[in-house]
Amino acid sequence: MTSWTARGGLAEATVDLDAIAHNTALLAARATAPVLAVVKADAFGHGMLPVTRTVLDAGATWLGVATNAEALRLREAGVTAPVLSWLHAHDEDFDAAILAGVDLGVSSAEHLERIAECATRVGTRAAVHLKVDTGLRRGGADHTAWRGLLDRAAWLQRRGRLLVRGVWSHLGAAGAPAASPPVGTQVRAFELALREARDAGLDPELRHLANSAATLTEPATHYDLVRVGIALYGVEPVAGRSGGLRPAMTLRSRTVLVKKVPAGEGVSYEHRYRTSGESTLALVPVGFADGVPRLASNRGAALLAGRRRPVAGLVAMDQLVLDLGRDEANLGDEVLVLGPGDDGEPTAAEWAAWAETNPHEVLTGIGARIPRRYLGGARATRELEELSLV
Ligand SMILES: *Cc1c(COP(=O)(O)O)cnc(C)c1O
C-alpha cells in the first residue's frame, strides 16, 4: 500500500486495532461480567466494522449501538454477535431490526407497543431490554412509568410477542465522585427497579448499568454485562487515573505552505493572534470540518519536527496555522495533530481540555473527509479486505 503522502494526501487517521484489542482484553479482565462493546457513532470515529471485528476477537461478546440503522449495518456486514440498540423513535419501523435479531432498548410504553405490533406483523418475538431512569434524567422510564411498563411487558411476554431479556439503566457521573448523580444513589434506584421487575413476574437474564468509568472503578455496577465505549478506544474515562489503556487513534497531516512573517502580524480570520517576533508560519490542512475544535483556536498545539507548535489564531473549516517562531519548516513536514502522546503529540484528552469538552466529542468529531487506515488487528483487517470494506 502506498502511503497517504505518496498519494498526495492532506491528512490521515490511523487506527491501531492492536491497541483496541489490548483495551478490550484489559476491560474484560477487570469486569466481573461479559463485555458489551459500544460501537455507536462509527465506533467513536474509529470505524465501526474494523473495530467490531477486533473487539469480538479480543473477548467482547455483545455490541451496543444507538440506532437501528447502525445495528443493521452490522448485520449487513455479516456480524452475528448479539447487538443492542437503544435510541428509537416511537413510530419507527422495527420490522427489519426484529427480523435481524437486534435487541431493543425500551424506555416507554409507546415504544413497547410499537415493537410488539411490529413483532406480531413479522411473526417473530422481539427481544427487549427495559430501561429505567435511575437519576440521569435522560433516557429510561421514570419511576412513575416503570411499574406500568413492567406490567405491560410481562403481559406481552406471556403472549409470546416479546422476550424481556434485559433490564438496564445508565450512569450519570461514574468516574467523577464529586459530581451528581452519585453512583450509589443510582445503584439503589436500580436495585429497587429490579425488585419491581421480579414482582411483575419478570426474570431478565441481563441486568446492566456500567459504562467505561464504572467498569474500571465500580465493581458493584457490573451485574451481568458492562457497556464500554470510550475506554475501548484507549481514553482513560476517569480523570487523573492511568490504568494501562492504549489510545488507538492518531491524526496526522503535513504542512502545505510555509511562510515567514514579521513581528506583530495578525494571523488567520479576524487577526485574533499576533506574532510575538519574526515567525515561521506553517499551514496545516485540517480544520473544524475535520474535527479540530474551533474552541481550541489560540489554545491547541500540534507536534512538528519534534516540538509542540501553538495553533495561531482561529481554526478555520479546512485549515489551521501553526506558529513555529524562529524555527524553519519544509513543505510536506509531518504534523502530528492528535495521538497516544508517546512522542509528545497532544492526546484526545488534551484537545478536549482546550475545547472545553470531553474526549468522546473530539474523537467522534474527526470528520468523514479524513481517510482511516488500520494498523494491526491482522485477522480483522484481512477479513475486511476480503469483503472490500476497508
Ligand atoms: C455511549 C454509551 C455507553 C458508553 O459510555 P462510555 O462512557 O463511553 O463507556 C454506554 N451505555 C450507553 C447507553 C451509551 O449510550
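Both ligands and their constituent atoms are indexed starting at 1 by order of listing.
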For the pair Arg308 and Glu350, find out whether any cationic side-chain nitrogen is under 4.0 Å from an anionic carboxylate oxygen. yes

Please table the atom pairs, donor to acceptor, closer than 3.5 Å between any side-chain atom in residues 331-340 and protein atoms at least two apart or in another chain.
unit_1 : atom_1 : unit_2 : atom_2 : d
Asp333 : OD2    : Asn330 : N      : 2.8
Glu334 : OE2    : Arg252 : NE     : 2.9

When you look for protein heavy atoms under 4.0 Å from ligand 1, which residues do they belong to? Val38, Lys40, Phe44, Trp86, Trp168, His170, Asn211, Ser212, Arg227, Val228, Gly229, Ile230, His360

List the residues meeting side-chain contact (heavy atoms from CB on, under 4.5 Å) with Ala119, not counting sequence neighbours, and say none if there are none. Ile98, Ala126

Per the side chain to side chain donor-acceptor pair (under 3.5 Å) rule, what does the pair list look like for residues 94-116, sequence neighbours excluded? Asp95-Arg121, Asp103-His129, Asp103-Arg165, Ser108-Glu110, Ser108-His111, Glu113-Arg152, Arg114-Glu117

Can you spot which of Ile366, Val311, Val286 makes a side chain to side chain contact (heavy atoms under 4.5 Å, CB included) with Val292? Val286

The single option from Glu345, Arg254, Arg309 that satisfies side chain to side chain contact (heavy atoms under 4.5 Å, CB included) with Leu304 is Arg309

